[in-house]
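Only this structure's heavy atoms are used, side chains among them; waters, hydrogens and symmetry mates stay out. Each chain gets a letter, A, B and so on, in the order the sequences are listed, and its residues count up from 1.
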Amino acid sequence: DTGVSQNPRHKITKRGQNVTFRCDPISEHNRLYWYRQTLGQGPEFLTYFQNEAQLEKSRLLSDRFSAERPKGSFSTLEIQRTEQGDSAMYLCASSLDSGRSYNEQFFGPGTRLTVL
Amino acid sequence: AQSVTQLDSHVSVSEGTPVLLRCNYSSSYSPSLFWYVQHPNKGLQLLLKYTSAATLVKGINGFEAEFKKSETSFHLTKPSAHMSDAAEYFCVVSEMHLTSGTYKYIFGTGTRLKVLA
């Protein structure tokens with residue numbers, strides 16, 4: 001399978017715990033994006049990487065959130081001291097940058113986080 | 001800032017009848033627009049995209065969309081619904097970051113399509 005993969009698919013945690021999600025993009029894609037999707041809403045942009053550089057962060061990404069993409073390959077999204085409001089689907093997408101507005105992003109299946 | 005508005009949160013059609021999912025956009029310049037579909041427990045899949053090459057865009061699975069600048073619309077249609085079309089559909093506009101010069105997606109709130117037997 002050469003698509004975008006995400007692990008775990010589901011995560012249940014208690015409030016205050018730290019969680020980490022992983023995203024493996026399509027191998028030749030240099031861009032990687034993280035989105036958050038809550039029930040009844042469309043995905044909202046969190047952050048993106050160009051290779052290993054994190055170039056943009058949304059205001060939704062509080063200081064409890066950190067994302068990395070070491071060596072420009074897979075990426076991790078960590079949430080520290082989780083809160084119930086963090087419960088959502090976290091989506092990862094990748095694309096091959098051509099500098100054009102119509103670049104297609106390829107999405108993974110998402111990680112569903114439930115904070116109790 | 002760019003935005004998209006999906007006018008219906010839920011649409012129900014009978015199998016074999018036409019599908020219309022409505023999307024209006026707001027953009028200060030010629031936008032790139034997309035329709036994605038999300039099936040349960042599956043990733044978002046691109047149905048089609050508008051890149052200013054042609055106003056009528058054909059996508060996968062028999063879907064198509066027409067870009068109408070005068071109406072700022074990009075409605076998604078299909079002549080005949082199939083049970084497998086039941087899913088969540090998202091209209092998306094691509095917005096350029098002024099600081100980085102790169103593009104990001106702005107999603108609508110989605111339309112859930114239900115297909116009745």
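By the 6.0 Å contact criterion, CG on A:Leu39 is open, its count of non-hydrogen atoms from other residues, nucleotides or ligands being 12 or less. The 12-atom threshold is not exceeded at CD of A:Glu68, counting heavy atoms of other residues, nucleotides or ligands nearer than 6.0 Å. By the 6.0 Å contact criterion, CZ on A:Arg64 is enclosed, its count of non-hydrogen atoms from other residues, nucleotides or ligands being greater than 12.
In terms of hydrophobic clustering, with Ile, Leu, Val, Met, Phe, Trp and Tyr side chains grouped at heavy-atom distances under 4.5 Å, B:Leu21 and B:Val115 are assigned to a common cluster. Residues A:Phe21 and A:Tyr48 fall into different hydrophobic clusters, defined by Ile, Leu, Val, Met, Phe, Trp and Tyr side chains chained together at heavy-atom separations under 4.5 Å. Residue B:Leu113 is grouped with residue B:Met83 when hydrophobic side chains (ILVMFWY) are merged at heavy-atom distances under 4.5 angstrom, including chains of intermediate members.
When each of A:Gly110, A:Pro109, A:Ala93 is checked for heavy-atom pairs under 4.5 Å with chain B, A:Pro109 comes out on top. Counting heavy-atom pairs under 4.5 Å between each of B:Leu46, B:Leu44, B:Val92, B:Leu33 and chain A puts B:Leu44 at the top.
Heavy atoms closer than 4.5 Å to chain B are found in the side chain of A:Arg9, but not in its backbone. Proximity to chain A is absent for every atom of B:Glu88, based on heavy atoms less than 4.5 angstrom apart. Proximity to chain B (any heavy atom under 4.5 Å) is shown, for A:Glu44, by neither the backbone nor the side chain.
For the atom pair CZ (B:Phe90) and CZ (A:Phe107), the distance works out to 9.5 Å, reported to the nearest 0.5 Å. Interatomic distance, CD1 of B:Ile106 versus CZ of A:Phe45, reported as 8.5 Å (0.5 Å rounding).
With B:Tyr105 contributing its side chain and A:Gln105 its backbone, the two residues share a donor-acceptor pair below 3.5 Å.
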